[in-house]
Amino acid sequence: MRLSKFFGQTLREAPSESDSASSQMLVRAGYVRQLAAGLYSYLPLAHRSLRKIEQILREEMDAIGGQEMCMPVVHPAEIWQESGRWYEIGDEMGRFQDRKGRELVLAMTHEEVVTSLCKSEIRSYRQLPQMVYHIQTKFRDEPRARGGLIRVREFVMKDSYTLDKDFEGLQSQYEAHYDAYHRIGARLGLNLVAVQSDPGMMGGKVAHEFMYISPVGEDSLAICEETGYASNLDVANFQKIPEPASAPEPLTRVHTPGQSTIAKVADFCGVTTRQTGKMVFYMGDFGPEDPSRLIAACVRGDMEINELQLRYAAKAQALRPAEAEEITAAGCVPGYASMCDIDRTKALLVVDDLIPESTNLIVGANERDWHYTGANYGRDFTADVIAPIALAYDGAPDPIDGKPLQVVRGIEVGNIFQLGTRYSSSMGATYTDEDGEGFPIVMGSYGIGVGRALACVAEEYSDEYGMDLPISVAPYQVILVSLGREGEVHEAAETLYHELLAAGIEVLYDDRAVSPGIKFADADLRGIPLRCTVSSRSLKRGGAEFGRRRSKDLAILPLGDAVEQIQAGITECFNVLNRRLEDLPTWASRSE
RNA sequence: CGGGGCGUAGCUCAGCCCGGUAGAGCGCUGCGUUUGGGACGCAGAAGUCGUCGGUUCAAAUCCGGCCGCCCCGACCA
């Protein structure tokens with residue numbers, strides 16, 4: 001392709017629409033343009049990169065037995081009503097009506113369609129297992145799109161679905177995806193970390209997210225490089241080590257004027273926060289039948305609440321922090337709330353499992369400026385629920401070997417999910433087994449965001465001059481820069497361009513009538529990994545210059561075998577990338 | 001949905017406080033000179049100042065509503 005005819009300009013300055021490195025670079029380099037919040041156009045450069053990512057996804061899905069198909073973006077409401085998600089999901093689902101007033105849904109994902117296909121296509125255990133996938137547009141009306149391409153409202157996702165007669169089959173296809181996703185990450189030049197994740201209220205027990213570790217990520221992860229433990233912070237476990245037990249002291253009221261926070265109280269009493277108990281209040285939504293109720297959560301003073309685990313422990317559908325009035329209404333004093341004096345008819349008390357193992361805690365006395373010392377579980381208070389509701393933290397002992405966990409941020413590139421029979425049961429997708437008996441199909445679903453993967457690659461491979469994309473993802477393999485508009489330089493560049501095209505090399509040819517500085521700056525920005533320059537200087541030195549983007553170490557290629565050497569350079573780039581395929585994590589090698 | 005910021009030429013922004021004929025740099029068009037890291041000269045085109053309303057002799061500027069975009073939080077099948 002000739003840059004003189006190319007659609008999509010580079011920008012000297014980044015538009016002020018987002019501030020993550022990846023989206024600024026992708027905008028500046030002429031890959032994407034924003035149409036509205038969370039809606040992007042993909043210009044020719046991005047489109048070529050996305051097609052390459054999709055091709056890698058195809059190859060890896062096909063390699064584990066996937067069959068590619070394509071399902072619609074617009075669905076009738078009925079299938080979402082059958083699965084129940086029509087009612088469970090709120091404004092995030094795009095809904096509209098056709099001309100007859102029939103309710104339609106924009107696909108957020110395709111479990112419902114796959115399940116409905118199962119009803120027509122799968123009858124017998126003989127037809128199982130199956131793995132189907134497609135690469136298709138999704139729409140999720142995110143309350144807040146952010147981070148450029150990292151969180152958008154319309155996006156393309158590779159989603160695959162497995163169908164099995166039992167959980168053993170599901171497990172095997174799940175493991176195949178686990179390994180394939182690591183291979184995909186490697187081929188994209190990304191280190192993906194598989195972390196345990198929240199299976200949600202979906203019925204399954206096992207789910208993993210494939211994370212690209214980055215400070216701009218939206219998810220927090222707890223990982224331990226030594227033991228290999230890796231988990232979304234939402235579901236991270238850690239070893240809880242109680243303070244050394246001491247003989248029970250009497251529960252004693254002490255005057256603590258103005259000491260309304262844990263840090264102040266501990267300081268005031270001359271103890272560490274580990275010797276205190278902390279109360280945090282939430283309003284829990286328990287569904288339409290049950291009015292929302294106050295939840296009092298108690299963790300040791302040095303720890304924070306894991307809201308997801310609290311929600312599960314309280315069996316609530318949703319939580320939000322309680323307002324001061326709601327706390328007061330239950331007879332509790334904010335800042336001095338006490339698990340000893342709480343009215344359990346007005347609040348559900350959930351305590352972390354470390355609390356019963358802790359002795360002589362300092363806790364609120366439920367009166368302004370007063371605390372108790374010597375609070376002990378069982379004698380001074382009991383709970384409605386005891387559950388692990390404390391949030392893992394940086395440095396917490398990991399659950400495998402007690403080595404310190406690290407809390408880092410990550411971007412979720414992919415996820416794999418054991419659905420079980422959540423959809424097949426509610427929608428009636430069954431197969432007949434050997435004995436002629438009907439059973440719901442056991443399903444799994446597995447996604448990878450194509451555009452998000454590109455954003456992560458751009459994030460990883462950017463510098464102050466632009467992007468330096470892995471050759472597997474770069475829209476072109478080589479940029480050919482001609483520094484001459486006529487005469488022998490022009491002739492030599494034109495000839496080389498046609499030879500490269502004829503050899504099947506993906507070449508972007510900068511034949512524009514602009515200054516060399518602009519050509520080099522644009523070449524750096526666009527992120528094409530290899531550059532070949534033809535100029536009067538290079539011809540004097542014996543041919544064309546060739547090397548990695550921005551490298552000072554340039555080879556002079558005689559024009560006669562330039563194509564061959566450029567081909568060799570491309571192969572070398574792929575070789576570098578392919579080394580990432582060695583020693584990849586696999587399901588069998590993981591340590592959870 | 002809560003908090004904050006922004007909306008002026010294709011892009012980045014100034015002008016707004018203190019009302020009085022709309023600006024700069026980059027980009028774009030033409031001509032000429034240039035050609036190894038974002039060249040130079042000359043000439044030129046380009047903006048309903050997000051939108052609606054109010055105040056005023058007069059509004060980009062002051063006031064109010066709405067819309068859009070960005071950031072933080074809530075939310076995230």
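Every heavy atom of this structure was used, including side-chain atoms; hydrogens, water molecules and symmetry mates were not. It should be emphasised that the depicted structure is a prediction, and the values quoted were computed from it without experimental measurement. All chains are named by letter (A, B, ...) in the order of the sequence lines, taking the proteins before the strands, and each is independently numbered beginning at 1.
Between A:Arg512 and A:Asp522, the closest side-chain pair of non-hydrogen atoms falls below 4.5 Å. Residues A:Leu233 and A:Leu221 have side chains not in contact (no heavy-atom distance under 4.5 Å, counting atoms from C-beta outward).
Summary of the strand contacts: A:Glu142 and A:Arg541 both lie near RNA chain B, and taking for each the nucleotide with the nearest heavy atom, the more 5' one is attributed to A:Arg541. Residues A:Ala37 and A:Gly517 both approach RNA chain B. Their nearest nucleotides, taken by heavy-atom distance, put A:Gly517 toward the 5′ side.
Here B:rG38 presents its P atom at 15 Å from CG of A:Asp510, a figure rounded to the nearest Å. A:Leu3 places its CG atom 15 Å from the C1' atom of B:rG38, with the value rounded to the nearest Å. Atom CD in A:Glu92 sits about 13 Å away from atom C1' in B:rA74, given to the nearest Å.
For the P atoms, the distance from B:rC71 to B:rC28 is 29 Å, rounded to whole Å. Between B:rG47 and B:rU12, the distance separating the two C1' atoms is 15 Å to the nearest Å. Nucleotides B:rC13 and B:rU29, compared at atom C1', are 23 Å apart to the nearest Å. B:rA58 and B:rU21 are spaced 15 Å apart, taking the P atom of each and rounding to whole Å. Taking atom C1' in both B:rU8 and B:rA59, the straight-line distance is 14 Å, to the nearest Å. Across B:rC16 and B:rC6, the matching C1' atoms stand 14 Å from one another, rounded to whole Å. B:rC70 sits 15 Å from B:rG50 when the C1' atoms are compared, rounded to a whole Å. Between the C1' atoms of B:rC69 and B:rG32, the separation comes to 43 Å (whole Å).
Checked options A:Asp553, A:Asp524, A:Asp468; the residue passing with A:Arg548 is A:Asp468 (criterion: salt bridge (charged side-chain N to carboxylate O under 4.0 Å, His left out)). For the pairing with A:Tyr446, the ring pair (Phe, Tyr, Trp, His ring centres under 6.0 Å) check across A:His134, A:His110, A:His177 returns one residue only, A:His177.
Figure legend: A:Arg153 and A:Phe139 shown without cation-pi pairing, the cationic atom not lying both under 6.0 angstrom from the six-membered ring centre and within 45 degrees of its axis. For A:Arg95 and A:Trp80, the positive end is not near the middle of the six-membered ring at less than 6.0 Å and at most 45° from its axis.
Between A:Ser515 and the phosphate of B:rA39, there is a side-chain N or O to OP1/OP2 separation shorter than 4.0 Å. The side chain of A:Gln9 places no N or O atom within less than 4.0 Å of a non-bridging phosphate oxygen (OP1 or OP2) of B:rC11.
Heavy atoms of A:Ile89 sit under 4.0 angstrom from primed sugar atoms or phosphate atoms, though from no base atom. Nucleic acid contact for A:Ala36: sugar-phosphate only, since backbone atoms but no base atoms lie under 4.0 Å from a heavy atom of the residue. Using a 4.0 Å heavy-atom cutoff across all strands shown, A:Arg512 reaches no nucleic acid atom at all. At a threshold of 4.0 angstrom between heavy atoms, the contacts of A:Asp522 include nucleobase atoms, whether or not backbone atoms are also involved. Among the heavy atoms of the strands, none lies under 4.0 Å from A:Ser536. In this structure, A:Val481 reaches neither bases nor backbone, as no heavy-atom distance under 4.0 Å exists between it and the strands shown.
Put simply, the side chain of A:Arg531 and the base of B:rG37 share a donor and an acceptor less than 3.5 Å apart.
When the nucleotides B:rG27, B:rC69, B:rC75 are ranked by their closest atom to the side chain of A:Pro143, B:rC75 comes out on top. Distance from the side chain of A:Phe520 is smallest to B:rG37 among B:rG37, B:rU12, B:rC75. Nearest nucleotide to the A:Thr10 side chain, out of B:rG38, B:rG37, B:rU12: B:rG38. When distances run from any side-chain atom of A:Arg144 to the nucleotides B:rA74, B:rC69, B:rG38, the shortest one goes to B:rA74.
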